[in-house]
Novice: 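Take this structure first; my questions come after.
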2 protein chains.
Amino acid sequence: MGQGTAAPAGGLRERARRAIRAEIARVGMELFLRKGFEPTTVEEIAAAAGISRRSFFRYFGSKDEVVLAHLDELAATVTEALAARPADEDPWVSLRRAFDAIVAEAEADRAAGFGLARLLNETEALRGQYAERQKRAWVGAAAPVIAERLPPLAGPGPDIRAEALVAAALGCVAIVADACLAGGPDADFAALLDQAMAAVRPLG
Amino acid sequence: MGQGTAAPAGGLRERARRAIRAEIARVGMELFLRKGFEPTTVEEIAAAAGISRRSFFRYFGSKDEVVLAHLDELAATVTEALAARPADEDPWVSLRRAFDAIVAEAEADRAAGFGLARLLNETEALRGQYAERQKRAWVGAAAPVIAERLPPLAGPGPDIRAEALVAAALGCVAIVADACLAGGPDADFAALLDQAMAAVRPLG
DNA sequence: CCGCGATGTGGCACGCAGTGTCAAGATCGG
DNA sequence: CCGATCTTGACACTGCGTGCCACATCGCGG
């Protein structure tokens, strides 16, 4: 238990498991996008993936998980982009630039990105969980990178400045995403993100 | 349908409904705090409130709703405090000061506040929904107040600056809440909030 | 070659959330 | 007092998530 093999593969068995999981996610998302989240039953997903209902729950702890599983890689992308920014750059600017990676990804596969966003938006139960996980994943991944670049904290007690920065930026992203969804597919994500983040912290 | 009576009461019938709803919420929260959220069944809550399982769902759309119902009044408190700030004050400062209302409320009933926080924290499904609702309620209520105090937007397109400000501040609150929960009941909420919000937007 | 344990899978049954439906009871207006 | 309306409780049903068990597959040593 607890292999530890992180990146591509390790156990022969492990790879098969990954493949099955990916297949379930693929066929599941397809059904969700076509029929909606709630109307699609686990039974259907399992059948479409060629497994039993019971086995579905051995790969995903819940139906939600199929949708939510995309987040970790997205967080990794942002963290990577963040680490690549110069260390002496203003952290807020670094955050803004790191988000360009998301923008690029969204532009690359516009249908998928917009479909996912629409799906999240019209499924109350998912929207909150997604936002929460996003926060957790991004704060956990990006805050350490930011923390190194901050001047030492004056007083005693815990230092939550980096987390606050990331959370605030994430709040801006969420608002921009909402605005884009409301404004249709022709909204300029990057420009709105500039507006939002500049409003919060006017760069001196 | 759609009475429209907003504030205290109106229909004779309406008051009874409010009372029953409040009673369900009270007994429900008591059970949640004692047994935890998931182990407590709707059946138990209904029995403790002296109604049938079916009637429970006539007052609350879901079990989650019992916990989540506290948010609207909290949002109202903040909005009120925000509106009371001078119009020429920096919006970020106004936001910070408005949050003092929450701090005061949390201090007043420390057990309830901390219990609720702990409950949310250890129930994955609730945490996300709570945060999402909080965002929605507070942005919806507070952003219009902020928007009036902002200088007119230069370019064309939608103005999301006020929403971004509120969302960013809310991100700070969330981080501080997490830190307080992690640090135990002796953490200084107000001081940490100062630190977080100052890190995001150093007041010039 | 044959057991033998370990792991993965499907089937079954269960508990619980949430919804539709319907019959009975309370309430209010006439 | 009586009918219209609203509320309530009871039953049934779908669907998610889980525990349990029997069966199949695979790698190992006897």
Side-chain angles (χ1 to χ4, degrees), chain A residues 1-3 5 9-25 27-29 31-32 35-69 119 122-126 128-129, chain B residues 1-5 9-25 27-29 31-32 35-69 119 122-126 128-130:
Chain A
M1 314 81 156
Q3 238 56 16
T5 39
L12 198 88
R13 208 86 184 159
E14 196 67 16
R15 213 159 356 185
R17 184 170 176 83
R18 299 267 177 199
I20 296 179
R21 200 181 138 94
E23 172 65 7
I24 297 174
V27 65
M29 283 304 296
L31 285 171
F32 289 156
K35 300 183 45 182
F37 181 77
E38 283 142 353
T40 303
T41 69
V42 172
E43 186 80 41
E44 292 172 314
I45 302 173
I51 59 173
S52 72
R53 195 185 106 88
R54 190 65 188 85
S55 280
F56 171 91
F57 285 108
R58 290 194 177 98
Y59 286 92
F60 289 93
S62 70
K63 199 169 77 162
D64 304 357
E65 208 73 25
V66 176
V67 181
L68 266 37
L119 188 63
E122 64 192 19
T123 311
E124 182 72 21
L126 281 184
Q129 295 223 333
Chain B
M1 317 80 154
Q3 237 57 14
T5 39
L12 199 86
R13 207 91 183 158
E14 196 68 16
R15 213 159 357 186
R17 183 170 178 83
R18 298 268 177 199
I20 296 178
R21 199 180 139 94
E23 172 65 7
I24 297 174
V27 66
M29 283 304 296
L31 285 170
F32 289 155
K35 299 183 44 181
F37 181 76
E38 282 143 354
T40 303
T41 69
V42 172
E43 185 81 40
E44 291 172 313
I45 301 173
I51 58 173
S52 72
R53 196 184 105 87
R54 191 64 185 87
S55 280
F56 171 92
F57 286 108
R58 291 196 176 97
Y59 286 91
F60 289 92
S62 69
K63 197 169 76 162
D64 305 356
E65 208 74 26
V66 176
V67 182
L68 268 35
L119 189 63
E122 64 192 19
T123 312
E124 182 73 21
L126 281 182
Q129 294 223 334
Y130 198 88

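Only a predicted model underlies this, so the values are computations on that prediction, with no experimental measurement involved. To find a chain, count down the sequence lines: A is the first, B the second, and so on, and within it residues start at 1.
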Novice: With a 4.5 Å limit on heavy-atom distance, are the side chains of A/F37 and A/D64 in contact?
Specialist: yes
Novice: Looking at every heavy atom in both B/R17 and B/R58, which two are closest together, and how far apart are they?
Specialist: NH2-O, 2.7 Å
Novice: Check B/S62 against B/F57 and note the closest heavy-atom contact, atom names and distance.
Specialist: CA-CE2, 4.2 Å
Novice: My understanding is that only residues two or more places apart in sequence, or in another chain, count here; which of them pass salt bridge (Lys or Arg N to Asp or Glu O under 4.0 Å) with B/E65?
Specialist: B/R133
Novice: For the helix from C/dC1-D/dG30 to C/dG30-D/dC1, measure the angle between the helix axis at one end and the axis at the other, each built from five pairs, rounding to 10°.
Specialist: 10°
Novice: Let me know the distance between CZ of A/F57 and P of D/dC16, rounded to the nearest Å.
Specialist: 6 Å
Novice: Starting at atom NZ of B/K63, determine the distance to atom P of D/dC16, rounded to an integer number of angstrom.
Specialist: 18 Å
Novice: Using a cut-off of 4.0 Å between protein heavy atoms and nucleotide atoms, how would you tag nucleotides 6-12 of chain D 5' to 3' with B, S and -?
Specialist: -SBBB--
Novice: When the distance from CZ of B/F37 to P of C/dC16 is rounded to whole Å, what number comes out?
Specialist: 14 Å
Novice: Please give me the minimum heavy-atom distance between A/Q129 and B/E124, naming the atom from each residue.
Specialist: NE2-O, 4.1 Å
Novice: Looking at A/V67 and A/L119, what are the two nearest heavy atoms and their distance?
Specialist: CG2-CD2, 4.3 Å
Novice: Write down the distance between CG (B/D64) and P (C/dA17), rounded to a whole number of angstrom.
Specialist: 10 Å
Novice: Using every non-hydrogen atom in the two residues, find where A/T40 and A/L31 come nearest and quote the distance to one decimal.
Specialist: OG1-O, 3.5 Å
Novice: Expressed as a whole number of angstroms, how long is the span from A/E124:CD to C/dG18:C1'?
Specialist: 16 Å
Novice: Measure CZ/A/F60 against P/D/dG15 and give the value in whole Å, please.
Specialist: 21 Å
Novice: Expressed as a whole number of angstroms, how long is the span from A/E43:CD to D/dT14:P?
Specialist: 13 Å
Novice: List the atom of A/G28, the atom of A/V66, and the distance in Å for their closest heavy-atom pair.
Specialist: CA-CG1, 4.4 Å
